[in-house]
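Down below is the structure, laid out as structure tokens.
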Amino acid sequence: MKTWRSQRGDVPVGCLVGGVVVVVVILIAIKVAPLTIAIGEFDKEIGVLADRANRREYNDQRILQSILLKAQNLDLPVTKKQVDIKRTSTRIKITVIYDVPIEFPSYTYVWHKEHFHERPIFHT
């Protein structure tokens, strides 16, 4: 007499484990993907501001306000204390360090982010 491995209603354990893994990966992607895009856009904006530091109208206060406004628009938890702008006669260094909490149903992951851009300053 033959025994059938899969009978009606019988689901292999490997299939269940695979399904659970897929659901977990999808939940993580839903939380992390938009945040990754926002952080990339924020980093790009800091680089653009560092490039514009040559212009007279882009003083440290204007750069700081632009960074804080962009962070606010992207819902990133950046405060004035977390932004460091150092300007010498030949270089500008912009550093932004902050933590982004990512909340999952049973766990909160804190993502530590650091942005650093250094550019030369040319005087005309």
Side-chain angles (χ1 to χ4, degrees):
M1 183 167 161
K2 276 187 167 180
T3 58
W4 297 98
R5 269 194 108 169
S6 63
Q7 297 175 354
R8 254 165 79 159
D10 184 25
V11 178
V13 176
C15 191
L16 286 175
V17 172
V20 169
V21 169
V22 167
V23 168
V24 169
V25 168
I26 289 172
L27 288 175
I28 291 172
I30 288 172
K31 289 281 193 172
V32 174
L35 187 58
T36 303
I37 292 168
I39 289 172
E41 190 175 329
F42 184 59
D43 188 65
K44 183 178 177 183
E45 181 69 19
I46 295 170
V48 168
L49 291 168
D51 290 336
R52 292 181 181 167
N54 280 325
R55 300 180 188 173
R56 268 180 214 182
E57 63 271 12
Y58 279 88
N59 59 17
D60 292 354
Q61 187 61 32
R62 180 172 177 181
I63 291 172
L64 174 65
Q65 292 304 321
S66 296
I67 288 172
L68 294 176
L69 181 64
K70 186 66 172 185
Q72 182 181 10
N73 290 342
L74 295 171
D75 292 327
L76 295 174
V78 177
T79 63
K80 191 175 187 178
K81 290 182 179 181
Q82 296 166 320
V83 179
D84 184 37
I85 301 172
K86 292 188 176 162
R87 188 187 294 251
T88 65
S89 60
T90 59
R91 303 204 64 76
I92 185 165
K93 297 176 184 178
I94 302 174
T95 306
V96 182
I97 301 172
Y98 58 99
D99 294 324
V100 181
I102 304 172
E103 295 182 14
F104 296 105
S106 62
Y107 180 72
T108 300
Y109 176 75
V110 179
W111 191 4
H112 182 75
K113 287 302 300 168
E114 296 183 17
H115 302 275
F116 177 75
H117 289 272
E118 181 178 4
R119 302 288 192 275
I121 295 178
F122 302 105
H123 297 284
T124 56

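Along the sequence shown, residues are numbered consecutively beginning with 1.
When side chains are defined from C-beta on, T90 does not count as touching I121, because their heavy atoms never get closer than 4.5 Å. The shortest distance between side-chain heavy atoms of I28 and F104 falls below 4.5 Å. Here the side chains of P77 and V100 are in contact, with some heavy-atom distance below 4.5 Å.
Alongside I26, the hydrophobic cluster contains V22, I30 (criterion: ILVMFWY side chains under 4.5 Å). In this structure, V23 shares a hydrophobic cluster with L27, the cluster being traced through Ile, Leu, Val, Met, Phe, Trp and Tyr side chains under 4.5 angstrom apart.
Other residues, nucleotides and ligands place more than 12 heavy atoms under 6.0 Å from the CD atom of Q65. The environment of NZ in K113 is crowded: more than 12 heavy-atom neighbours from other residues, nucleotides or ligands sit within 6.0 Å.
Under the salt bridge (charged side-chain N to carboxylate O under 4.0 Å, His left out) criterion, R52 pairs with no residue, sequence neighbours left out. Residues passing the ring pair (Phe, Tyr, Trp, His ring centres under 6.0 Å) test with H117, sequence neighbours excluded: none.
For residues 59-80, the salt bridge (Lys or Arg N to Asp or Glu O under 4.0 Å) pairs, not counting sequence neighbours, are E41-K70, D60-R87. Within the structure, every pair that satisfies the side chain to side chain donor-acceptor pair (under 3.5 Å) test and touches residues 99-109, not counting sequence neighbours, is listed here: D99-H112.
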- Message: L35 vs L76, test: side chain to side chain contact (heavy atoms under 4.5 Å, CB included). Steps then yes/no.
- Response: CA-CA 9 Å; L35 187 58; L76 295 174; 3.9 Å; yes
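Taking each heavy atom of D84 and K86 in turn, the nearest pair found is OD2-CE, 3.3 Å.
The same ILVMFWY cluster, assembled from side-chain heavy atoms under 4.5 Å apart, contains both I102 and L74. I85 and F116 are not part of a single hydrophobic cluster, where members link through side-chain heavy atoms under 4.5 Å apart.
Q72 contributes atom CD, which lies 6.0 Å from atom CG of L69 (distance to the nearest 0.5 angstrom). L49 contributes atom CG, which lies 9.0 Å from atom CD1 of I92 (distance to the nearest 0.5 angstrom).
Between H115 and F42, the ring planes are perpendicular. Angles over 60° get that label, and only those under 30° would be called parallel.
A side chain to side chain contact (heavy atoms under 4.5 Å, CB included) with V83 holds for exactly one of I97, V78, I46, I63; it is V78.
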